[in-house]
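Structure record follows, encoded as structure tokens.
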Amino acid sequence: MPKLITQVGCPYCGSSCDDIEVLVSDDGRKVLEVHNACIIGNNLFHHANDSTRPMLPRRRQPDGTMKEISFEEAVDYTAKTLLAAKKPLIYGFGSTNCEGMSAVGRVAEKSGAILDNCASICHGPSFLAIFDNGYPSCTLGEVKNRADCVVFWGCNPMHAHPRHTSRYSIFPRGFFTGKGQMARTIISIDPRETDTAKLADIHYMLDQGHDYELFDAFRTVLRGHDIPDMVAGCKKEDILKGAEAMKKARFVMIFFGMGCTHTDGRNHNIDIAISLTRDLNTHTKASIMAMRGHYNIAGPGQVWSWQFGFPYCIDLSKGTHAHMNPGETSSIDLAMRDEIDCFVNVGTDAGAHWPIDAVRHVKKHPFITIDPNFCMASEIADLHIPVRIAGVDEGGVVYRMDNVPIQFKAVLKGLSGVPSDEELFDMIYERMCVLTQ
Ligand code: SF4
């Protein structure tokens with residue numbers, strides 16, 4: 001009899017939906033149906049059925065081809081390569097569980113590595129702003145139950161976090177928001193007319209890269225001062241209208257994304273967004289949240305802050321203490337300066353998502369990919385080690401975009417002999433200990 005598993009977590013985006021239902025075959029090896037997930041989540045679970053998923057590590061041969069090897073050989077190669085490297089970089093961790101993120105800590109310490117995660121190329125600027133200016137945030141439950149004015153600044157959840165608007169931010173009827181969307185004012189700030197902007201009551205189609213000026217204009221108005229007739233391509237009367245809508249609301253929620261962190265100003269766009277949130281709190285209640293990308297990209301920030309005191313860009317090469325200085329110890333900067341002599345890609349795809357020059361630099365040295373599937377990073381690697389898929393055939397703890405921890409379930413039996421990230425890092429650590437005895 002097929003079995004329906006309920007309250008399953010979706011291991012894709014930062015919404016980390018935990019109301020998914022998955023119908024699995026009676027032998028627990030195949031996903032038959034997926035309920036409640038968006039199309040991305042749905043595909044992710046069905047993709048786990050792929051019969052071509054790798055079950056053994058593959059090592060590049062002198063002629064350039066890849067040849068299957070045993071897990072013991074792969075662990076031995078990884079341990080030796082990390083120990084031989086002067087400054088290895090272990091990067092990724094957007095898509096694995098906290099158990100894997102914790103286990104890699106010992107490996108990184110023992111090899112004197114730089115430990116970094118995808119925040120480095122995503123919401124890293126938000127961390128810098130938070131260090132400077134604090135983080136007046138809340139949970140997504142508070143948004144659902146209280147927010148009657150929701151601002152999407154430089155983010156497009158209809159495409160990037162597809163169920164965000166129906167679970168938390170626009171449509172749900174909460175405790176104090178019983179009329180759902182009808183009772184919320186939605187503001188979109190985006191140079192494009194996105195599908196999120198189409199849902200908005202007010203859309204500011206600002207000039208790209210001028211977010212700081214527009215934030216500044218809102219702050220100026222909220223503090224009772226005058227602004228020019230046009231700011232960042234937006235009319236003064238529209239800015240006054242938006243500021244008034246925010247002031248009148250009972251609870252303003254600002255969500256921000258890559259439109260702020262990847263454009264001119266970067267962390268300063270977030271600095272001023274946080275300052276705007278503070279200003280709004282003199283008129284009403286307001287809160288702000290980063291639209292974290294992967295389902296557990298908040299995880300390394302939590303786990304490594306607890307282990308090392310820093311959320312990302314952690315330099316353990318000194319041996320005695322951890323050091324963090326994005327710009328100096330961030331993955332792309334290290335790669336571009338050619339300071340890295342071994343690269344380990346875990347639960348991400350640097351091959352696809354890094355600038356090509358940075359990939360070329362790290363490709364000069366041993367390149368190891370730890371990933372359940374074939375991807376760009378696995379195809380250019382010297383060694384590809386498959387692991388179980390967190391949230392599909394491996395359970396574990398994940399942190400949602402609002403830093404709420406959620407226990408994810410395994411819905412399928414794992415591929416025989418394929419370890420989890422945690423098991424793999426424990427094996428690598430043990431091998432390193434044997435080699436250095
Ligand atoms: S919104 Fe995100 S977490 Fe939810 S089902 Fe879709 S991809 Fe998965």
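Side chains included, hydrogens not; waters and symmetry mates left out as well; all remaining heavy atoms used.
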Looking only at atom types and distance, does a side-chain atom of N296 sit under 3.5 Å from a main-chain N or O of V398, one as donor and one as acceptor?
no

If you compare all heavy atoms of V418 against all heavy atoms of P386, which two are closest, and at what distance to 0.1 Å?
CG1-O, 3.7 Å

Note, R53 side chain near N373 side chain (heavy atom, < 4.5 Å):
yes

Side chain to side chain contact (heavy atoms under 4.5 Å, CB included) against K179, all qualifying residues, sequence neighbours excluded
M182, A183

If you draw a 6.0 Å radius around CD1 in I39, do more than 12 non-hydrogen atoms from other residues or ligands fall strictly inside?
no

Given side chains that start at C-beta, do those of I288 and P136 come closer than 4.5 Å, heavy atoms only?
yes

Would you mind checking if K198 and D195 are paired as a salt bridge, meaning a charged N to carboxylate O distance below 4.0 Å?
yes

Quick one, R163 and I20 - any side-chain contact, counting heavy atoms below 4.5 Å?
yes

On a heavy-atom basis, which atom in G391 and which in F408 lie closest, and how many Å separate them?
CA-CD2, 4.2 Å

Between D116 and S120: side-chain donor-acceptor atoms closer than 3.5 Å
yes

Could you tell me whether the side chain of K363 and the main chain of I380 form a donor-acceptor pair under 3.5 Å?
yes

Quick one, Y91 with V362, criterion side-chain contact (heavy atoms from CB on, under 4.5 Å). Give me CA distance, side-chain angles, the key distance, then yes/no.
CA-CA 12 Å; Y91 166 86; V362 290; over 6 Å; no

Is the number of heavy atoms from other residues, nucleotides or ligands under 6.0 Å of Y312 OH greater than 12?
yes

Would you please say whether a donor-acceptor pair under 3.5 Å links the side chains of N403 and Q302?
yes

With no hydrogens and no angle check, is any side-chain donor or acceptor of D201 less than 3.5 Å from a backbone partner on I186?
yes

Taking the side chain as every heavy atom from C-beta outward, state whether P311 and F131 have any pair of such atoms under 4.5 Å apart.
yes

Do any N or O atoms from the side chain of S420 and from the backbone of E423 form a donor-acceptor pair under 3.5 angstrom?
yes

Pair D341 + K86: basic N to acidic O under 4.0 Å
no

Any non-hydrogen side-chain atom of K236 less than 4.5 Å from a side-chain atom of I239?
no

F176 vs R250, side-chain contact (heavy atoms from CB on, under 4.5 Å): CA-CA, chis, key distance, verdict:
CA-CA 10 Å; F176 301 110; R250 282 178 294 137; 4.1 Å; yes

Could you measure the distance from the CD1 atom of I297 to the OG atom of S95? Nearest 0.5 Å is fine.
8.0 Å

Run R278 and N133 through side-chain hydrogen bond (donor to acceptor under 3.5 Å, both in side chains) and show every step you take.
CA-CA 10 Å; R278 288 242 174 82; N133 210 6; 3.0 Å; yes

Evaluate whether atom NZ of K110 has more than 12 neighbouring non-hydrogen atoms of other residues, nucleotides or ligands under 6.0 angstrom away.
yes

Quick one: do I114 and S331 satisfy side-chain contact (heavy atoms from CB on, under 4.5 Å)? Show the steps, please.
CA-CA 8 Å; I114 313 281; S331 295; 5.8 Å; no

Side chains of T177 and F251 in contact at under 4.5 Å (non-hydrogen atoms):
no

Any M205 side-chain heavy atom under 4.5 Å of D238 side chain
no

Using atom types as modelled and distance alone, determine if a side-chain donor or acceptor of D349 lies under 3.5 Å from a backbone N or O of M376.
yes

Gap separating the CE atom of M432 from the CE atom of M427, nearest 0.5 angstrom:
14.5 Å

Got a donor-acceptor contact below 3.5 angstrom from the T261 side chain to the C122 backbone?
yes

So which heavy atom on L316 is nearest to which on A322, and how close?
CD2-CB, 3.8 Å

Spatial distance of atom NZ (K248) from atom OG1 (T284) [nearest 0.5 Å]:
12.5 Å

Could you walk me through whether R167 and D18 pass salt bridge (charged side-chain N to carboxylate O under 4.0 Å, His left out), step by step?
CA-CA 11 Å; R167 273 171 66 84; D18 54 357; 2.9 Å; yes

Just jot down the ring-ring contact (aromatic ring centres under 6.0 Å, His included) partners of F343, sequence neighbours excluded, or say none.
W354, F367

Considering all heavy atoms, the nearest I428-T78 contact:
CD1-CG2, 3.8 Å

Apply side-chain hydrogen bond (donor to acceptor under 3.5 Å, both in side chains) to the pair T139 and D402, showing each step before the final yes or no.
CA-CA 5 Å; T139 64; D402 53 353; 4.7 Å; no

Within a 6.0 Å radius of atom CD on E21, are there more than 12 heavy atoms belonging to other residues, nucleotides or ligands?
yes

Does a donor on one side chain and an acceptor on the other come within less than 3.5 Å for D271 and H268?
yes

Where the side chain of D357 meets the backbone of R360, is there a donor-acceptor pair that is under 3.5 Å apart?
no

Between H203 and F152, is the gap from one ring center to the other below 6.0 Å?
no

Considering all heavy atoms, the nearest M336-H361 contact:
O-NE2, 3.6 Å

How many angstroms lie between NE2 in H323 and CD in E328, if you round to the nearest 0.5 Å?
3.5 Å

Polar side-chain atom of N49 near backbone of V31 as donor-acceptor pair, under 3.5 Å:
yes

Do L276 and L222 touch side chain to side chain, with heavy atoms closer than 4.5 Å?
yes

Is the number of heavy atoms from other residues, nucleotides or ligands under 6.0 Å of Q7 CD greater than 12?
no

Mind running side-chain hydrogen bond (donor to acceptor under 3.5 Å, both in side chains) on D421 and T96 for me, showing each step along the way?
CA-CA 7 Å; D421 285 291; T96 184; 2.8 Å; yes

Any donor-acceptor pair under 3.5 Å linking the side chain of K364 with the backbone of I340?
no

So OG of S102 and CG of D426: to nearest 0.5 Å the spacing works out to 8.5 Å

Working to the nearest 0.5 angstrom, can you tell me the gap between K144 NZ and E142 CD?
13.0 Å

How about Y204 and F218: are their ring centres within less than 6.0 Å of each other?
yes

Main-chain N/O of C98 paired to Y399 side chain as donor or acceptor, under 3.5 Å:
no

Would H164 and S169 count as having a side-chain donor-acceptor pair, cut-off 3.5 Å?
yes

For D207 and E213, run side-chain contact (heavy atoms from CB on, under 4.5 Å): C-alpha distance rounded to whole Å, both residues' side-chain angles, the deciding distance at 0.1 Å, then the answer.
CA-CA 10 Å; D207 294 339; E213 288 155 54; over 6 Å; no

Counting heavy atoms not belonging to K3, are there more than 12 under 6.0 Å from its NZ?
no

If I compare all heavy atoms of C149 with all of A249, which pair ends up nearest, and what's the gap?
CB-CB, 3.5 Å

